[in-house]
Amino acid sequence: MHPDTTEQTQETSGTASAKRLFSGSLWGILAKVVDALAKFVTIPMLVGFYGKADYGLIALAFSLNAYLRLMDLGFNVGAVRFFSMWTAEGKWEKIADVSRSSIVFYGTIGLINAAIFLVMSENGGYLFNLTEAQLPLYRQIMYILSVSTVLSWLSSVAIQLLSAKDELGFVNRVTLISSVLHLAVAFSAIHLQWTLISYFIGYTLTTLMPVVFYVKRLGVFPLPRASLLTPRWHGAAFREILAYSLAIFAMGIFQLTANNLRPLLLGRFADGMEVLTDYRVIQTIATLIIAFGGVFMQVLLPSASKAYAAGDQQRIERMVFEATKYISIFLGFVVFVLILNADQILLLYMGEGYGHLSLWLALWLLTVLLSMHNTPVASLVLSTGKTRFLVYSSAVACVVSLPVTVIFASTLQVGAAVVGYLVYMLLQIGFFYVYYIPKVLHLNGARLFIRAFFPAALGGASALLVSRYAAKLLALPDGYGTVIASSAIFALLYLGYLLMFVVKPADIRYLKKTLMRKGKDDA
């Protein structure tokens, strides 16, 4: 083949790959935003309809279900990695062997999960601070989870296959539909006066709805669906992925434990199930920022892997510095706008009686901002494969932070979980700056923090203080008008600060050049 033709083919392939990645990212962000907005709209309605204590049972169920995702053993990451490699190489039979083995693997996990929910259904009074009236509702919720969990786990196989085939855009579009259905179920429950259990059944069905679309979409593979989904064990092929996945599992188990065990500890050591409703309220707002961080990680990981494999230290430094800088700018704007309007948002969101949560919401958002600025570094660390020390640091942070939640649960209530999360993240980020950044990545941590993250954080904090003072001078009434006016003042101040001190004309030219080339270079 003529060299020019080869180069043109590679460029076309790169353009198509970049477009699929860009599309998947956009749909992913949109799906997460809509899901967050759906929760933002429905939670106050449901709390008002079912009561704060009983809705806390649903928050408990979500936390239990999320924590048991630990049983994935990191296989999700490993499966997508190997399926992607084998798809590129055309190893369809190997994909089929592992896919069918995965059905057996996830089916077994689903059955174990079902058994755990059934055992927990009989021990709710001992495990959690439930009233006698709440015990029957708790048991029914556990029964519903035990029935639905098997199909939920099995759907992981289809998602992994579609991800490997660059079908993330489709997966996220279906997720978007599911979020809209969640909203419809909540409105129906209130309008038609459904019981709490009827609502939970409807919500569960909408979470399982995407499975039908995922299975149908598997037609993009040059294999019959039966050869992908019929259970059959192929140990040799499966073990290749499992060995890699267990390393990811070891790295992530402490992080997932620290994140998902805190609400369960609140349910055990705080005063009543109402505290879990408080937790769910502020978690819904903070999760939107965390979701953005997940999208950034998804986009950055391939580029980080290529830069590290090429051994181009200059390129690595530029990528990490620029990515940290612009992620901090974007998330700084969102976080400080939310903190600025925290009181009004909680008032509009949940009504009177939730104003005490504004302090804990602000602290949680600041913690998320601090942790998310580390996304480029974390993506590069994962690309190195040197994750052993990350396991140690996650373990230490988890073991130290969880007792914080237990100790302060009775006095700080929901604040105990927020403070525990702050301790966990401070320890984790400290390990990155002390070990990974200087010793593994050979980067200047002080320069990265002071010049890439701190300017955006300082500008956001300064604009917040001035905006809050200006809003008081204007004496705006409570409501949407205050939120809009305060946000507009903040945006103008923040943008002016960035143009004066952070983003230079050369940076703007660099961004334009990079965006113009996104179709030509997906690295």
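For the numbers below, each heavy atom of this structure counts, side chains included, while hydrogens, waters and symmetry mates do not.
Annotation: the span from Thr204 atom OG1 to Leu145 atom CG amounts to 6.5 Å, rounded to 0.5 Å. Gln313 contributes atom CD, which lies 5.0 Å from atom CD of Glu317 (distance to the nearest 0.5 angstrom). Atom CG of Leu331 sits about 15.0 Å away from atom OH of Tyr326, to the nearest 0.5 Å. The line from OG of Ser393 to CG of Leu427 is 9.5 Å long, rounded to the nearest 0.5 Å. If you take CG on Leu57 and CD1 on Ile141, they are separated by 5.0 Å, rounding to the nearest 0.5 Å. A distance of 7.0 Å separates CG in Leu366 from CG in Leu369, rounded to the nearest 0.5 Å.
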Begin with the C-alpha distance, continue with both residues' side-chain angles, and end with the deciding distance and a verdict on side chain to side chain contact (heavy atoms under 4.5 Å, CB included) for Leu346 and His356. CA-CA 9 Å; Leu346 288 169; His356 66 286; over 6 Å; no
With side chain to side chain contact (heavy atoms under 4.5 Å, CB included) as the criterion, how do Val377 and Leu448 come out once you've worked through the C-alpha distance, each side chain's angles and the decisive distance to 0.1 Å? CA-CA 10 Å; Val377 170; Leu448 183 66; 3.7 Å; yes
Mind running side chain to side chain contact (heavy atoms under 4.5 Å, CB included) on Leu441 and Ile316 for me, showing each step along the way? CA-CA 9 Å; Leu441 304 180; Ile316 289 172; 5.7 Å; no
Side chain to side chain contact (heavy atoms under 4.5 Å, CB included) between Ile289 and Leu338, intermediate numbers included: CA-CA 10 Å; Ile289 313 301; Leu338 290 174; 4.0 Å; yes
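Ring pair Phe389/Tyr392 is perpendicular by interplanar angle, where above 60° counts as perpendicular and below 30° as parallel. The aromatic rings of Phe62 and Tyr203 lie tilted to each other, with the angle between the two planes from 30° to 60°. Between Phe170 and Tyr214, the ring planes lie perpendicular to each other; the angle is over 60°, past the 30° to 60° tilted range.
Of all non-hydrogen atoms in Ala270 and Gln413, the two that sit nearest each other are CB-OE1, 3.8 Å. A pairwise comparison of heavy atoms in Leu493 and Ser467 identifies CD1-OG, 3.6 Å as the closest pair. Of all heavy-atom pairs spanning Leu266 and Ala409, the tightest one is CD2-CB, 4.3 Å. Leu365 and Val335 get closest at one heavy-atom pair: O-CG1, 3.8 Å. The shortest non-hydrogen separation linking Thr324 to His373 is CG2-O, 3.5 Å. The nearest pair of heavy atoms linking Phe453 to Ser328 is CD1-OG, 3.4 Å.
For the side chain to side chain contact (heavy atoms under 4.5 Å, CB included) criterion with Thr367, the lone passing option out of Leu426, Leu422, Val419 is Leu422.
Counting heavy atoms of neighbouring residues, nucleotides and ligands inside a 6.0 Å radius, atom CZ of Phe408 does not exceed 12 of them.
Side-chain atoms of Ser410 and Phe269, non-hydrogen and from C-beta on, never get closer than 4.5 Å to each other. Contact annotation: the side chain of Tyr421 approaches that of Asn259 to within less than 4.5 Å [non-hydrogen atoms, C-beta and beyond]. With a 4.5 Å cut-off on side-chain heavy atoms, Ser394 and Tyr424 count as touching. The shortest distance between side-chain heavy atoms of Asn172 and Leu176 does not fall below 4.5 Å. In this structure, Tyr494 and Phe336 have side chains that are not in contact, with every pair of non-hydrogen atoms separated by 4.5 Å or more. Taking 4.5 Å as the limit, some side-chain heavy atom of Phe128 sits within range of a side-chain heavy atom of Met120. A 4.5 Å side-chain heavy-atom check between Val418 and Leu412 finds every atom pair outside the cut-off. In this structure, Val396 and Phe431 have side chains that are in contact, with non-hydrogen atoms separated by less than 4.5 Å.
A side-chain donor-acceptor contact under 3.5 Å links Ser487 to the backbone of Val483. Looking only at distances, no side-chain donor or acceptor of Ser178 sits under 3.5 Å from a matching main-chain atom of Val174. Side-chain N or O atoms of Ser358 include one that pairs as donor or acceptor with a backbone N or O of Gly355 at under 3.5 Å.
Applying the salt bridge (Lys or Arg N to Asp or Glu O under 4.0 Å) test to residues at least two apart or on different chains, the pairs with a partner in residues 266-285 are Lys52-Asp278.
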